[in-house]
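Structure record follows, encoded as structure tokens.
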Amino acid sequence: MCSKLLQLPSLLSILWRCSGVAFGAFLLLLPQAVANDTSSTLAAGGLVLTKNEQVEMRSEDLFISPSLVEVKYVFVNNSATDIATIVAFPMPEVEYTESPVSVPSDDPVNFMDFSVVVDDAPVTAELESKALLEGKDITARLDALKIPLNPTADTILSILDALPEADRKALVTEKITFETEYDSGNGMETHLLPAWTLKSIYHWPQTFPAGKEVRVLHRYKPSVGGSAGSALKPYDGSKVDDEALAEYKSRNCTDDVFLAAVKKIDARKFYVIERWIDYILVTGGNWAGGTIGDFRLVIDKGTPKALVSFCADDVKKISSTQFEVRKRNFKPERDLNILILEPLAYDEVPN
């Protein structure tokens, strides 16, 4: 089902209407913030297409690891005529939040190192970005003041602080920014923080020839969240909280076998860290027929000593670190939330 149409001009409004994608948020660290040992993920997914009932996703080969997401598609135009349309990759939304989020790349624009190849030829995808405040496009307003659209840009705080007082007051009045006060050692200070959301989408024109296959490969670095420590393995040996356990089971399908393996970890010798990878899978059902003809998923947990849990049926272990799922005429009905637990000897724990 299409999500509520945002008031975005041109291509962006068309593509977001049926993307079915809901994304997480970024952290903008305050200067006084204390280091946090937990970071969340930015959920990304696969490619989306403007509505077309003729282009079938014949196969999807999806590989997910802590360092790489790679998706190989085979599309087929089942009609008797060529179809020219737009294919797109929506980037996660970027906004201020108090919870830290893992950002996979230092590039403030292509922060997931997205790339795409069609029939073995690299494609230069265009990026369209908009700054939105409660659905209203404020891109021109920010551009006029030379404020970066990305609210997590390294320079954003200094740029907002350097604005003339009249502009600062106006931005607060318009609720584009909000004030924060803190004492960093020299008395109370007032600074501005961004209140807008950055929405970006990579897109390119694509022709699907009648009756022919089109092969598309796209890659990006996943946003890998995590925590120093795990609620499933309290460092003091106490009982696992029932509410936390229920959340893990609901989100990551942690079963008795997985929990028994966690229980066997010797807390006197090992410290358990968590890693999380989220992937938007349900958009795979947006193509013709609503199913993926031949679906293959491989999840690589990164290291043999790690434990991994995610929601899927008929999971097969194919190597010391990789797990495979295969489906025919697959209609994805939930997104992937992957949990990786890694026991580290105490001298291996990052500072």
Side-chain angles (χ1 to χ4, degrees), residues 3-13 15-17 19 21-44 90-112 127-202 223 225:
S3 59
K4 183 179 179 181
L5 175 61
L6 298 170
Q7 299 302 309
L8 304 178
S10 68
L11 172 73
L12 204 55
S13 62
L15 294 176
W16 249 293
R17 181 168 48 193
S19 68
V21 180
F23 294 107
F26 266 69
L27 166 74
L28 182 60
L29 288 173
L30 303 183
Q32 84 285 9
V34 177
N36 195 310
D37 62 1
T38 301
S39 60
S40 300
T41 66
L42 290 167
M91 297 284 278
E93 295 178 4
V94 183
E95 60 186 20
Y96 167 79
T97 179
E98 294 182 355
S99 300
V101 174
S102 170
V103 181
S105 171
D106 292 334
D107 187 330
V109 179
N110 187 8
F111 50 84
M112 302 191 90
L127 179 67
E128 185 168 353
S129 298
K130 299 290 180 184
L132 298 178
L133 183 67
E134 298 179 352
K136 179 183 177 182
D137 185 356
I138 61 167
T139 305
R141 181 81 169 98
L142 297 182
D143 284 344
L145 295 173
K146 295 183 170 54
I147 299 173
L149 299 186
N150 187 344
T152 69
D154 291 341
T155 57
I156 192 73
L157 288 180
S158 59
I159 290 175
L160 292 176
D161 282 346
L163 290 172
E165 185 62 23
D167 290 329
R168 288 169 55 86
K169 289 183 177 179
L171 290 175
V172 172
T173 299
E174 297 167 35
K175 299 183 180 180
I176 293 174
T177 62
F178 59 96
E179 293 181 332
T180 183
E181 292 185 344
Y182 56 85
D183 186 350
S184 59
N186 298 309
M188 294 301 294
E189 304 173 15
T190 300
H191 297 271
L192 297 186
L193 294 175
W196 66 89
T197 299
L198 173 67
K199 292 196 174 186
S200 304
I201 191 165
Y202 279 99
S223 169

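One is the number of the first residue; the rest follow in order along the sequence.
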Task: Interatomic distance, Ile138 atom CD1 to Leu132 atom CG [nearest 0.5 angstrom] - done: 7.5 Å
Open item on the list: I want to check something: taking the side chain as every heavy atom from C-beta on, are Leu133 and Thr197 in contact at a cut-off of under 4.5 Å?
Closed with: no
Open item on the list: Please report the interatomic distance CG(Asp167) to CD1(Ile176), rounded to the nearest 0.5 Å.
Closed with: 10.5 Å
Task: Minimal non-hydrogen separation, Ala131 against Leu142, with atom names - done: CB-CD1, 3.6 Å
Task: Approximate separation, where rounding is to 0.5 Å, of Thr139 OG1 and Glu128 CD - done: 9.0 Å
Task: Inter-residue atom distance Lys130.NZ - Lys136.NZ, 0.5 Å rounding - done: 14.0 Å
Open item on the list: Between Asn110 and Leu127, is there a side-chain heavy-atom distance shorter than 4.5 Å?
Closed with: no
- [ ] Taking atom CD of Glu165 as the centre, report whether more than 12 heavy atoms of other residues, nucleotides or ligands fall under 6.0 Å from it.
- [x] yes
Open item on the list: Please check this pair: side chain of Thr190 against backbone of Glu181, looking for a donor-acceptor N/O pair closer than 3.5 Å.
Closed with: no
Open item on the list: Rounded to the nearest 0.5 Å, what separates atom CG in Leu192 from atom CG in Leu160?
Closed with: 5.5 Å
Open item on the list: Can you confirm whether Ile159 sits close enough to Leu145 that some side-chain heavy atom of one is under 4.5 Å from a side-chain heavy atom of the other?
Closed with: no
Open item on the list: Quick one, Leu163 and Ile147 - any side-chain contact, counting heavy atoms below 4.5 Å?
Closed with: yes
- [ ] Of all the heavy-atom pairs spanning Thr155 and Ser158, show the shortest one and how long it is.
- [x] O-OG, 2.9 Å
TODO: Go through the steps to decide whether Glu174 and Arg141 satisfy the test salt bridge (charged side-chain N to carboxylate O under 4.0 Å, His left out), and finish with yes or no.
DONE: CA-CA 11 Å; Glu174 297 167 35; Arg141 181 81 169 98; 2.8 Å; yes
Open item on the list: Counting C-beta onward and ignoring hydrogens, is there a side-chain heavy-atom pair between Leu198 and Glu95 closer than 4.5 Å?
Closed with: no
- [ ] Please check if the side chain of Trp196 supplies one atom and the backbone of Leu149 the other of a donor-acceptor pair under 3.5 Å.
- [x] yes
Open item on the list: So Leu157 and His191, do their side chains get closer than 4.5 Å, heavy atoms only?
Closed with: no
Task: Gap between atom CZ of Arg168 and atom CG of Asp161 - 0.5 Å precision - done: 5.5 Å
